[in-house]
Amino acid sequence: MDFETQESSVVKPVEYRNFFTIFTKGNIFSKLSYLIFGLANIHYGQVIKGLIFLLAELVYIFFMVTAGAGQIAQLSTLGTHTQEMVFNEEVGIYEMVPGDNSMLILLYGVIAIVITFAIAALWLLTIFSGDHARAFAESGRHVRNFREDVKSLFNDKIHFSFLAIPVVGISVFTVMPLLYMILMAFTNYDSEHQPPGNLFHWVGLENFKTLIASSERLSSTFWPVLGWTLIWGVFATFSCYFGGMILAIVINSKGIKGKKFWRTMFVITYAIPAFISLRFVATMLGERGIFNVLIQEWGWVESALPFLTNTTWARVSVIVVNFWIGVPVTMLMVSGILMNIPAELYESARIDGANPFVTFWKITFPYMLFVTTPYLISNLIGNFNNFNAIYFLTGGAPNSLDYFKGAGKTDLLVTWLYKLTKDSNDYNLAATIGIIIFVLSATFTLITFSRSGAVQNEEGFQ
Amino acid sequence: MKKRSLAVALAAAMSMSLMSSVSAFAESSDVTLKLWVPEEAYEDTDAAVKAFDELHDEFNISYEIAILGIDEAPAMVETDADVAADIFYVPSGGIADMVSKGLLLPLAKDYDSIEADLPESALTAVTIDGLKYAVPFSPNTYFMYYNTDFYSEDEVKSLDTMMAKDFGDGKWNFSTQITNSWYAEMFFMGNGTTLFGEDGTDPTDCTFNNENGFNSGAYMIELAQNPKYLEDADGVGSSAFKSGNLGAITTGAWSAPDFREALGDKLSACPIPTANIAGNEVQLTNFVDFKTIAVKSNTAYPLAASQLAVYLCNPENSLIRYQNQGDVPVLMSLSQDPSIKEDVVANALNEQAALSCNQPSISQMGSYWDPMKAFGDGVYHGEITMDNLQEQLDALADSVTATLK
Amino acid sequence: MQMKDKVIIGLNLKYYMAAMVLAIVSGVSTLLPYASAEGKVILLLPLLLKLGGTSYVAVSFYAAAILAIATAVFSIVQYQKTSKRGVFAWQVISALNCVAWTSLLFVSKMVLEGAGIYGKFLNKNLSAGFWLGFVSAYLGLIFIMRVTGTNIGYILLTIMSIIWLFPILWIVLTAFREEQGYYVGYFIPHGFTFNNFVELFSHPEVLPFGKWWVNTLIVSAFGCVINTMIILMCAFILSRTRYPGRKTFMNVLMIIGMFPGFMSLIAVYNILKGLGLNQSLAALIIVGAAGAAMGYHVTKGFFDTIPKALDEAATIDGATRFQIFTKVTLPLSSSIIVYIVLGAFMGAWSDYIFPSMLFGDKQASYTVAVGLYWMTDFRRIDSYYTQFAAGALVVAIPIVILFVWLQRFYVEGLSGAVKG
């Protein structure tokens, strides 16, 4: 662990110690600094810094004694007292006697654990910071005072100051809730065990078994929904990718005047918040929506088409509507990349007499694929989790009797997950699906990494 | 007029009893309450809470009223019971679920003042394990509106008579919502099939897939394919009815003001008709649910909140609610009130409520809605045919009674 | 061949013959059977006599016939005496010809049924004459465009723009529609009104749209400033500095990003509640800012393209890292800054799920997304549909203007996305 950048001017060699030698070789202050945060810093002249470390330790101890320790301890049972309603004879009313709330116990427990980890990280930091002060002092160098430490936060230690807000923000509003969610997958927090009226408790891997391997309705819903999620992801990603690319190439090709005008035509779709345009398109596609009215009026079909009510139609419809929404973004992005393609490549192709299609296949497309592979994969993962497109358009409909209650034929794992929490309160199942989505995304990301690693080595693409 | 004065007298008597019952509390305590009511009930509730405060010297009430639809309340209380309203409207169908989550306070104080005036079905709908968790104030079910240009009073008694007429192109005879589980059960419940047993408490029972159920399903398929039938999805049926292109439609009391404005004297209402299913003339039967007022379990002022909840459903306030919002009162003493007695819509609702069966209030009911909707979708969109009907009905029954374990 | 010898600058005459043949085919197709149904076969020209101006859409029929013949005649005239101006005029006629034949796809049923020629007409009843005219019109246009050296992409762009703008047009028309209601059986409203917009702002107690709009503006304004700063700082550190744990940090961010966030919203809500921030706009801003760093990729990709030598030169001149950030990196990043600002701005206008949960019953704190969705609830949709459309326009217009104005930066910014 090296928290300082090297300095070149030498008075006497600076001798740093590692985690163990700080203790074994250190004096009493260094040794005690394992227990009392910042003691070594104070000893070597960094009084304010040391006191801040100490204060953090005291706050933590106070927190653990008053609340934290109890919260962590309760995690093992997730609560034992059930809420009760007691009749108050004197006044003639019922009154609630609050019980344990498993949900809050789980959440607070997670928070206490995360805080403990944060303190552990600070503990390591203080030990090395103390050793750093010692090493500088012993080698006869100037030990930074508090002002200089603060200044260094804007220079060589800028990552501490610049990343402080993101790290705290992500820990509090992303990591803690995520841990909470992950743990929920190992409980029986379903519609039958709802706090505050009921307690829930740990069940181990039960939920994973039910979801994946039971012969029940649940797993016969899970696999088809997973299948459709994959199909949707692939179609949604590649249709928009190629559509946007072709559109961008056409707009950016020579001889098209008013490029900005054409781009604007398509960007308008993108500028309207997606859920609004999706809600509108959903009404337009209804049995008596304007599309069905018009195509009958135009004489294209005899009776209304089941755009969103028949399984196959609905699946095609969501992909087509997603195409409508997604193409403009890809078009803008590809426009940017097209500007970066070296003009000489096209020039030489033109001299060789290549027609536009050959130029596309031999130059534009390979270049584009080369540059956009990581984007494409992350887009694919994004589409597996494309909540908006499905939820606001079909809400997962058409529903099917083949599926577990609530799931529909256009539901993705992520919309099904949402319905499980919102409509049927089966949080444990939803959390389990959340973890499965993670595994899925992680697999695809691993593939990206190996792919883009290879791509990066081909710096000399020509 | 006589009956109305009876109601007022009743209300007055009740307020007296309230006053006497609380005289034990000498000094007034500060009470802060929050109420959730639908948009249209805002002003009446405001006035009612003020009147309640006047009546009760022991409370010094400061209150806040926020707008929330009746069926939005359960989810909202669940998200955060701490900021939820103390008193809110809730459909009786949502009570069992909220009770199992421990979100509702059992009510006792003052309840006896209206208990005797409530029909058995309404009490059953709010009672769980012997405790009453809400105060019902209006039955909530759908019945049939019809246009007197299309049908006579006799014709609307049978769906088959109605469908047999021909009004020409661009006109429909009948509209309901096969694709909505709150409507579609009428074909089954009337025809001797059961959902969660005879009394609606057996979570393992659903006989929609027996022979009678098969005949009901077949009837639905035939109806859905009839070009004179209009599916009332997304308000399509209401628009057609208002523009005079539809003979009859099933919907609830909430549609009455709109329909009256559009059709005037041509509007009439009656219970849903009978249907000839496999040779038997059966009365179609739907679920009846009640609009109720409930109190959250963690309210800081259980005494004031329970009393106010009951007060909001007393005859006086029920009558005001009927006059201003069209919620037909459930209280039996009010059914003879002249303004209600002469109202075709209120009559139709009351007649319908008498024919209907109580919507099961066990929490397994949560597993009914989605599969039934899927079944309705399948029927209406032609994916369920006579060939796979039995198979799909089996799947429906299986799905409705399915549990996670 | 006479054509082969001709050379006119700006015209590519080797495609002339093909274009002329197609033009003539187009003309001839007016003489072939136009449609056949119910055992009747009918030609286009006799059909015109029968139509006799039944409706305004019948104009398409006359236009198609006249233009098809005109383009054929024009091609022959030009063949005799080719001029640049003439060929361009022919191109215009040919383009109009395409428009006319395409419109027949939409109006044939209306016109033929209106004139009482057929009872139940469908486009599948159209015959060889129509399809030949239709196809030859387009192919002819393509070849003429080859002759004049015009990019054929215009045809594709025109068709695609129409398809892309069609739903938008519907939203606009609905917003100005006088008749209320969810479903109407026609495209063009029977009456136009500005009232939907007025209504939107005139019932603050039930529907405080103005308040929602201001709320969203506040959130998006703060979001723009705070999120942009956080993203820029985070991307700067990850791109321009090296420190132990940097890779680990990036990997952790990536792994976190792969979990679907919905699940944990209830936990986020409870944490905010613990901090006393539930149901407040501040919560929305804070949660947005807390997660902002997760979107560092695009900006990092952009920063990676700024030469390292600039930083090194500045360091030699004695600049601190912070000064490099403010004095060297930021001034070079205007396009990426615009990109982030636009993204943050739009995010606030379209985020629905979290705000809907956060605000609960507190209608006065809603953002437009929550408010607009509230209007589409099935109990309200019928009465609020036109106002919903009006609200959608009020939301979309500022964003569209920003987009059109800042398009160039956005394109440059997005192209940085793929380099990350």
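Below, chain A is the first sequence line, B the second, and so on; all start at residue 1.
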Considering only heavy atoms, which portion of [X] lies under 4.5 Å from any heavy atom of chain B: side chain, backbone, both, or neither?
X: A:Gln83; value: side chain
X: A:Glu287; value: side chain
X: A:Pro306; value: neither
X: A:Thr309; value: both
X: A:Tyr403; value: backbone

Is it the side chain or the backbone of B:Tyr380 that comes within 4.5 Å of chain A heavy atoms, both, or neither? side chain

Heavy-atom contact with chain A under 4.5 Å, split by part of B:Gln392: both

Check whether A:Asn198 reaches the backbone of B:Ser100 with its side chain - one donor and one acceptor, N or O, closer than 3.5 Å. yes

Hey, are the side chains of [X] and [Y] touching, using non-hydrogen atoms and a 4.5 Å cut-off?
X: B:Leu103; Y: A:Gln194; result: no
X: B:His381; Y: A:Asn310; result: no
X: A:Arg288; Y: B:Leu230; result: yes

Do A:Asn425 and B:Lys101 pass the side-chain contact (heavy atoms from CB on, under 4.5 Å) test, and can you show the C-alpha distance, the side-chain angles, and the key distance before you say yes or no? CA-CA 11 Å; A:Asn425 297 315; B:Lys101 289 172 187 167; 2.5 Å; yes

